[in-house]
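Shown next, in structure tokens, is the structure this report addresses.
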Amino acid sequence: MIAITARQLREIKTPFYFYDVELLDKTLQLAVREAKRHDFHLHYALKANANPRLLEIIRERGLGADCVSGNEVEAAIKSGFPAGSIVYAGVGKSDEEIRLALQQEISCFNCESFPELEVINDIAGAMGKTARVSLRVNPNVDAHTHHYITTGVEENKFGFPVDDLEQAVNRCRELPNIEWTGLHFHVGSQITDTSVFRSLCERVNEIQRGIAARGLVPSRVNFGGGLGVDYDDPDARPVPDFAAYFQAFADSFERLPGQQVHFEPGRPVVAQCGSLVTRVLYVKEGKNKKFIILDAGMNDLIRPALYQARHRIENISALLDEPLEPYDVVGPVCESSDCFGKAVPLPVTTRRGDFFAIRSCGAYGEVMASRYNLRPIAPSRFSND
Ligand SMILES: *Cc1c(COP(=O)(O)O)cnc(C)c1O
């Protein structure tokens, strides 16, 4: 069940994103506590959700920021994240974005290619600055997640191939306006099998041993994000298991003396605190099935259409013990992929006007909304409003 009040349901026009800020804060407290145990640094990945109200809460708990665009760097600064806590990744940073990040004196660029290194060096030189750079390495570790959110195998566009790493570090050391700080990895998202993180550590140990043997010692290692959440049963596991996640790295990563270890969680911080609240427009009898047509569509929440993601769908107007039957739950957008779930068991009494909650929408929900079909952007509301 979501923490929304009858008054909020009455007063707000659907669809809207609803955020349980108490749950967000609880999640943050746990993540910070578990990271501190091992002296790990956290940078929240803004791309999961850059809602200013959420950013403020996240910043207050002391996380840094992980950005993938100039506008995200600006949003982080505007929300009060210290520049020294901001890291910036992405395969296609524009000159303007690099300039902005240098101007703001962010902590570090996570650099992904040789030509990018040259451009950062040139721009930093022209500005009379030194750019701190970590090299993003593609470790060729399969995250065993959906192929659209797998980023650490060789066919992906991300990072330097391991074979190029030594040359890349040497290039950093030659370039006068670049200071090499370390290594960066991010192998994928929604990873629920901790053995993937253990494999990543083993691979990183091997990579690190290889370059350390040549006197190239990274002062920081950043493991990116990727911890998954329970989309099937958000009430059973509202807070992801940060303890087991960080423990896997503490156990399996061979940390060098004085080395800083960083993480960039996005989804596990914000996914479970958000729901998309929507109403039933129509219950439609198809030929062999029944459809529930909602007033929220793929423009509001694209994850099911984009990555075949599953979200728990609840009729929050119905009584808990109603008999259930299967419905396809769809939106109003003119695309067959505008479908939130097939054969979802929902109350037989479901009717026009019922409120629905699509759960676990805090990450990659609101932030990916579009105006497709010229639909409006859904507003956001908060449990403490
Ligand atoms: C997307 C991304 C993250 C966040 O990933 P989550 O799975 O949401 O935790 C972290 N780092 C980088 C570089 C990313 O691209």
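Throughout, numbering of the chain's residues begins at 1 and tracks the sequence. Just so you know, these numbers come straight off a predicted model, no measurement behind them. Remember, it's 1-based here, ligands and their atoms both numbered in the order they're listed.
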(request) Of the side chain and backbone of D66, name the one, both, or neither that has a heavy atom under 4.0 Å from an atom of ligand 1. (result) side chain
(request) Consider only side-chain N and O atoms of Y245 and Q247, and report whether a donor and an acceptor are under 3.5 Å apart. (result) no
(request) Can you measure from CD1 (I4) to CD1 (I316) and round to the nearest 0.5 angstrom? (result) 6.0 Å
(request) Give the atoms of ligand 1, by number and element, whose distance to some non-hydrogen atom of G226 is under 4.0 Å. (result) 5 (O), 6 (P), 7 (O), 9 (O)
(request) Apply the test side chain to side chain donor-acceptor pair (under 3.5 Å) to residues E264 and H184: give CA-CA distance (whole Å), side-chain angles for both, the deciding distance (0.1 Å), then the verdict. (result) CA-CA 10 Å; E264 302 168 337; H184 175 238; 3.0 Å; yes
(message) Check contact between P265 and ligand 1, using heavy atoms of the residue and a distance below 4.0 angstrom.
(response) yes
(request) Could you tell me whether the side chain of D385 and the main chain of F382 form a donor-acceptor pair under 3.5 Å? (result) yes
(request) Please identify which atoms of ligand 1 are closer than 4.0 Å to at least one heavy atom of R267. (result) 6 (P), 8 (O), 9 (O)
(message) Suppose we measure from atom 2 (C) of ligand 1 to each protein heavy atom; which comes out shortest, and what is that distance?
(response) K47 NZ, 2.3 Å
(request) May I ask whether Y364 places a heavy atom under 4.0 Å from ligand 1? (result) yes
(message) Heavy-atom pairs closer than 4.0 Å: do any link ligand 1 to the side chain of H186, the backbone, both, or neither?
(response) side chain
(message) For atom 7 (O) of ligand 1, what is the closest protein heavy atom, and at what distance to 0.1 Å?
(response) S189 OG, 2.3 Å
(request) Kindly confirm or rule out a cation-pi arrangement of R381 over F18, judged by NZ or CZ under 6.0 Å from the six-membered ring centre and within 45° of its axis? (result) no
(message) Closer than 4.0 Å to some heavy atom of A45 - which atoms of ligand 1 meet that?
(response) 3 (C), 4 (C)
(message) Is it true that T130 and E179 share a donor-acceptor pair across their side chains at a distance under 3.5 Å?
(response) no
(request) Please report the C-alpha distance between T350 and N315 in whole Å, then the side-chain angles of each, then the deciding distance to 0.1 Å, and finally whether the side chain to side chain donor-acceptor pair (under 3.5 Å) criterion is met. (result) CA-CA 7 Å; T350 297; N315 181 334; 3.2 Å; yes
(message) Heavy-atom contact check, 4.0 Å cutoff: does P268 meet ligand 1?
(response) yes
(request) Go through the side-chain N and O atoms of Q190 and Y231 and say whether any donor and acceptor fall under 3.5 Å apart. (result) no
(message) How far is atom 12 (C) of ligand 1 from the closest protein heavy atom, and which atom is that?
(response) E264 OE1, 3.5 Å
(message) Return the closest protein heavy atom for atom 9 (O) of ligand 1 as residue, atom name and distance.
(response) G266 N, 2.8 Å
